[in-house]
Structures are given as structure tokens and as C-alpha cells.
Amino acid sequence: MLKENQKKLQKVIKSLKSKGVQNIIDGKELASSSKEVFENHSPVDGSFISKVAKGNSKDIDKAARSSAKAFESWKNLDHKSRRNVLYNIAEEIEKNADEIAVSESFDTGQPIRFTKKAAIRGAANFRYFADKCIDAANGLSTPDTHHLNFTMRQPIGPVGVITPWNAPFMLSTWKIAPALAAGCTVVHKPAEFSPVTANILSRAAHKAGLPSGVWNTVHGFGESAGKALTEHDNIKAIAFVGETTTGSHIMRQGATTLKRVHFELGGKNPVIVFDDADLDRALDAVIFMKYSLNGERCTSSSRLILHDKVYTKFLNKLKKRVANIKVGNPLDPKTEVGPLIHPSHQEKVLSYAALAKEEGAKVLVGGTAPKGKLSKGCYVNPTLVEGVTPKMRLGQEEVFGPFLSVMRFKTEKQAIKIANSVRYGLTAYIWTNDTSKAHRVARDVEAGMVWINSQNVRHLPTPFGGVKYSGIGRDGGEYSFDFYMETKNICVAYGTHPIPKLGA
Ligand code: NAD
């Protein structure tokens, strides 16, 4: 299976090496206006993948103008035609499932056991929003005695979508599908560390019949291409997924043009395991929610808050399982944890293992880079640290790797206090068989999304987003339309109301 995947990858690499990764503006693959490129390397072994167009403000301007022009017809397209295009995109994505999986694994280091589902999930996002095209413009009717008020939703205009490197394909579909369903046009700026699948996706959309200019892709760095996108006057809103500090920059950059923003930012999510929980299921979920997707997952539970009574027993089992996680080539279906995105990120994650020792916590498992044949890649052995407290940097900062910090509690109040002791508030996971307690903790924990007795299982109509420094706004289902659309109120008189007569 590894060999088969490597074979598939060779085909992709060959074409990437000859063509490079270009911008896609107005349906055409173009070099950057400056002809500048940057190099993209694989985290698997540091090997060169391709040259990538280094987009700049001129390229963004061209893409934004193209989106503004295309908006005039796309927003007026009847919902059936729009729905059909979105359905076709879903089909095209599925046709490219193998290429997407191997490219995403080699470009990001994410194990193929997860990336092989990327196309299925991406297609599901498009199908879900295709079915919602018919309702996108719906509003409310609010009649008064003399007037009928009703609202309708209209697309806000061309929007900018800026995505991170951790799950680039899936996150791009998640943002772009609702924008298109709403009638918006899009300029997408993919992350510079993982540019490859953005073009597979855009090409699939154009092949599926999406008109030119409705979806433009400009590659490049955040400080240049990304910044220009957030500052462009034609762009009415920015959907951003990435780091909290980048979110602050974007807010400042977009202030002059009054950008509407939707931010999905960092997290330091708690998983609270009470002594009365189903501990076997909790153990599986704790491990999955930290070590899947290399731990480079915004919703991962990076702080295990463990009840005193079950602490030792649970931790012993956890240690064994973490030490047994299979680290390896992400193209190997047996691999559970692959290399991290970039040498700089590998270094950052490893630095937290050193910090654990400095801060008085104890590294129980991992904290090192594997030796031998994996040493060329950006690998970090799955890491487990105990004795972490909220006062430590380790208890506060997002590590964004296969790195779990364990904390101990005795009372429900203490558990909630620890859970809320960070500036983030994206997700929380609660394990208990006491229904009332589960509800109390879910109510009091500061998070945008809470799962009780479950790992993160995403249901597309539900609101997705965080509180505090984890984000602004929600997407998913109808919530996406609140962001990508304006609500207009129309007031119609029945002809019975008095009109004040000035100067009569
Ligand atoms: P990042 O903020 O460094 O980069 C994200 C994107 O922003 C990239 O495309 C980058 O080029 C661009 N960018 C950087 N500076 C910019 C600027 N000044 N103006 C405009 N664009 C700019 O994030 P990352 O390192 O790629 O991703 C990891 C982070 O993403 C983690 O913090 C993680 O928690 C977060 N994340 C959050 C969610 C969520 O749903 N909350 C999901 C996935 C990832």
C-alpha cells in the first residue's frame, strides 16, 4: 500500500515539477506578475516539491477585480444552476480523491489514513451547501399593524478566504462552498507551507463548470499577498482560519475598508475526565483528539484534566498507548502520526518538551525527534507530560503538535476553573456518566463547542467557532450565510398609517 501511494505521488510530483504551482485568476493559471516564486519542500524528507507563484498586491488586485466582475452575474444566477455547479464540483473532487490524498500527505505530513477522507469530506461540504442554495436568500416576516416588514438575504460581495496549513484541503472547501452557495465570489489565499491541493480544488471547480472569475486563487506569503487581500476595497469580508495573532493583524489591516471578519483561531482545549466516566471510551477519545492529524488540529484536546481518583490507573494506560502510537511516513496507511509541517514547527514543538523540564513538569513519553530513517523529516515522537499547572506556559500556550499535558483535579469546581484558566475557548470535551453534572459543566465551561462523552464529531448544520481568543463568529449551516450575506429589511405600507403633515 505504501508503494502504491508512492507511485501515485510520483505522477503528481512530475507534473508539479514541470508546471509549478501557479496562481489561478479568471480561470487561467498564471505566474506572479513579478515572476517571483518560492520553493515548497515536503516535511517527509525535506525534498523539493515545486516552485510556487509568489503572489503580491498586483496579483491580488487582479484577482479582486476579476471577482468583482464575476460577482455581477454569479449573484444573479438562479439557485438551481448554482446548486448544479456545486454538485458538479463535489463530483469532480471525488474523481480526484487519490491525487488529493497523496498530495496532501506529502505536502503537509498528515497521515494518509486521514487525508484519504479529505475528498469525501470536501465533497460533502459542497453537496450540503448545494442543497442550501434554494434557502440562502430566505428571511423573516415581521408584520406590524400598518406595515409588513420582511427580510431577505443577499450575498455580501467578493470575499477573501485565507487558510492555514494543517488541513488545507478540507478547510478550504468548508469556507468556499458556503460562500459560493450564498452567491459570493472568492479570492483564496492558501497557506504558503501547503499550497498544492488548493490548485487541485480550484481546477476541479472550473472543470465542473464554475464560471471564470468566481473563484480566484493567489499564492504567496501572509505579510504580502494575505495583507493585500485584507486591505482591498473590492473584498467585502475575510474568512480567516489561522493563529490568533494573525487574526489581530487582519483586523487592523481590514479596519480602513471596514471588513467584516470571521475568525477561526487557536485553541488550548480541555478534556475533563471524571471518575464516573466510561474510562475505556474516554481513553480512546483522549488519544484520538490529541494525536490524530499529528496534533496539528485546532479542536484537539491538548489539556487532559483528570480526576484524582482515577488519575494513576488512567495515566498508566495512557502512557502505554501513547508510546505505542505508530510514527512514520504519512503515505503508509499504517502510520498514525506523520511529520509536522515544517522544520521550524518541529523545533517549536520540541522546545515545549525542554520547557516542560524547566517549568517542573515531567515528560512521561516522547519529547524527542525519532532517530534513524525518519531523522530527515520533521517528526516528533508522541509526547505526554504530567504535572502541568495553569500557571505554566505549558498550561497556557498552544503547542499544535502531538503533545498532551496532563493536569489533576478533585472537585467539579476545580475542573471548571482549570478548564477556563486559558485565554482560548474553542472546544471542550467532558466525560462523565452523571447527566446533571455533564450539563452543569457544559454550561460553565468557556468554549464555543462542547462535546459530552464524545470526541469531535462534526455535524454540518451545527455552529462552528470559538469564544475568547479562539475566534469571532460561527460558520456551518445557516450560520455561514449570516457571515457571507447581508440581511435587508423591506417595509411595505398597507396604506392605513398616518403620515405627519409638515407645512400643511
Ligand atoms: P497562520 O496564522 O500563521 O497563517 C494562516 C494564514 O494566514 C496563511 O495563509 C498565512 O499566509 C496568512 N497570513 C499570515 N499573516 C497574514 C497577514 N498579516 N495578513 C493576512 N494573512 C496572513 O496560521 P498557521 O500557522 O497556518 O495555522 C495554524 C493555526 O491555525 C493554529 O493556531 C490553529 O489553532 C489555527 N487553526 C484554527 C482553526 C479553527 O477552526 N479555529 C482551524 C485550523 C487551524
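Both ligands and their constituent atoms are indexed starting at 1 by order of listing.
In this structure, Leu171 has a heavy atom closer than 4.0 Å to ligand 1. Between Phe263 and ligand 1 there is no heavy-atom distance shorter than 4.0 Å. Pro190 counts as a contact of ligand 1, since one of its heavy atoms falls under 4.0 Å from the ligand.
Within the 4.0 Å heavy-atom criterion, neither part of Thr299 lies near ligand 1. With a heavy-atom cut-off of 4.0 Å, Leu229 does not touch ligand 1 at all. Here Gln253 has side-chain heavy atoms under 4.0 Å from ligand 1, and that is the only part of it that gets that close. The part of Thr163 lying near ligand 1 is the backbone, judged by heavy-atom distances below 4.0 Å. Contact annotation: for Phe193 versus ligand 1, there are no heavy atoms closer than 4.0 Å. Residue-level proximity to ligand 1 for Arg297 is absent, since no heavy atom of it falls below 4.0 angstrom. Residue-level proximity to ligand 1 for Thr246 is carried by the side chain, the only part with a heavy atom below 4.0 angstrom.
Considering backbone and side-chain N/O of Thr230, none are found under 3.5 Å from N/O of ligand 1.
Taking the charged nitrogens against the carboxylate oxygens, Arg203 and Glu92 have no contact shorter than 4.0 Å, which rules out a salt bridge. Ion pairing of Asp131 with Arg127 is absent here, as no side-chain N (NZ or NE/NH1/NH2) approaches a carboxylate O to less than 4.0 Å.
The protein non-hydrogen atom at the shortest distance from atom 35 (C) of ligand 1 is Gly242 O, 3.3 Å. In terms of protein heavy-atom proximity, atom 34 (O) of ligand 1 is nearest to Glu398 OE2, 2.6 Å. Atom 22 (C) of ligand 1 has Gly222 CA, 3.4 Å as its closest protein atom, hydrogens excluded (heavy atom only). In terms of protein heavy atoms, atom 10 (C) of ligand 1 is closest to Glu192 OE1, 3.5 Å. At the top of the distance list for atom 26 (O) of ligand 1, counting protein heavy atoms only, stands Trp165 CD1, 2.9 Å. Of the protein's non-hydrogen atoms, the one nearest atom 42 (C) of ligand 1 is Cys298 SG, 2.8 Å. Closest to atom 12 (C) of ligand 1 among all protein heavy atoms lies Ile162 CG2, 3.6 Å. Nearest protein neighbour of atom 23 (O) of ligand 1, counting heavy atoms only, is Glu243 N, 3.4 Å.
Among Ala228, Ala225, Gly226, the residue whose heavy atom lies closest to atom 20 (C) of ligand 1 is Gly226.
Taking a 6.0 Å sphere around OH of Tyr479, one finds it holds 12 or fewer heavy atoms contributed by other residues, nucleotides or ligands. Counting non-hydrogen atoms of other residues, nucleotides and ligands closer than 6.0 Å to NZ of Lys348 gives a total above 12. Counting non-hydrogen atoms of neighbouring residues, nucleotides and ligands closer than 6.0 angstrom, the NZ atom of Lys207 reaches no more than 12 such neighbours. By the 6.0 Å contact criterion, CZ on Arg121 is open, its count of non-hydrogen atoms from other residues, nucleotides or ligands being 12 or less.
Listed by first and then second residue, the salt bridge (Lys or Arg N to Asp or Glu O under 4.0 Å) pairs involving residues 246-263 are Arg260-Glu486 (not counting sequence neighbours).
Between Lys290 and Ser301, the side chains place no donor N or O within less than 3.5 Å of an acceptor N or O (distance only, hydrogens not considered).
A donor-acceptor contact shorter than 3.5 Å is absent between the side chain of Ser405 and the backbone of Gly395.
Taking the ring pair (Phe, Tyr, Trp, His ring centres under 6.0 Å) definition, one finds that Tyr128 meets it with nothing, sequence neighbours left out.
In this structure, atom 15 (N) of ligand 1 has protein heavy atoms in its sub-4.0 angstrom surroundings.
In terms of heavy atoms, Thr335 sits closest to Asn329 at OG1-O, 2.7 Å.
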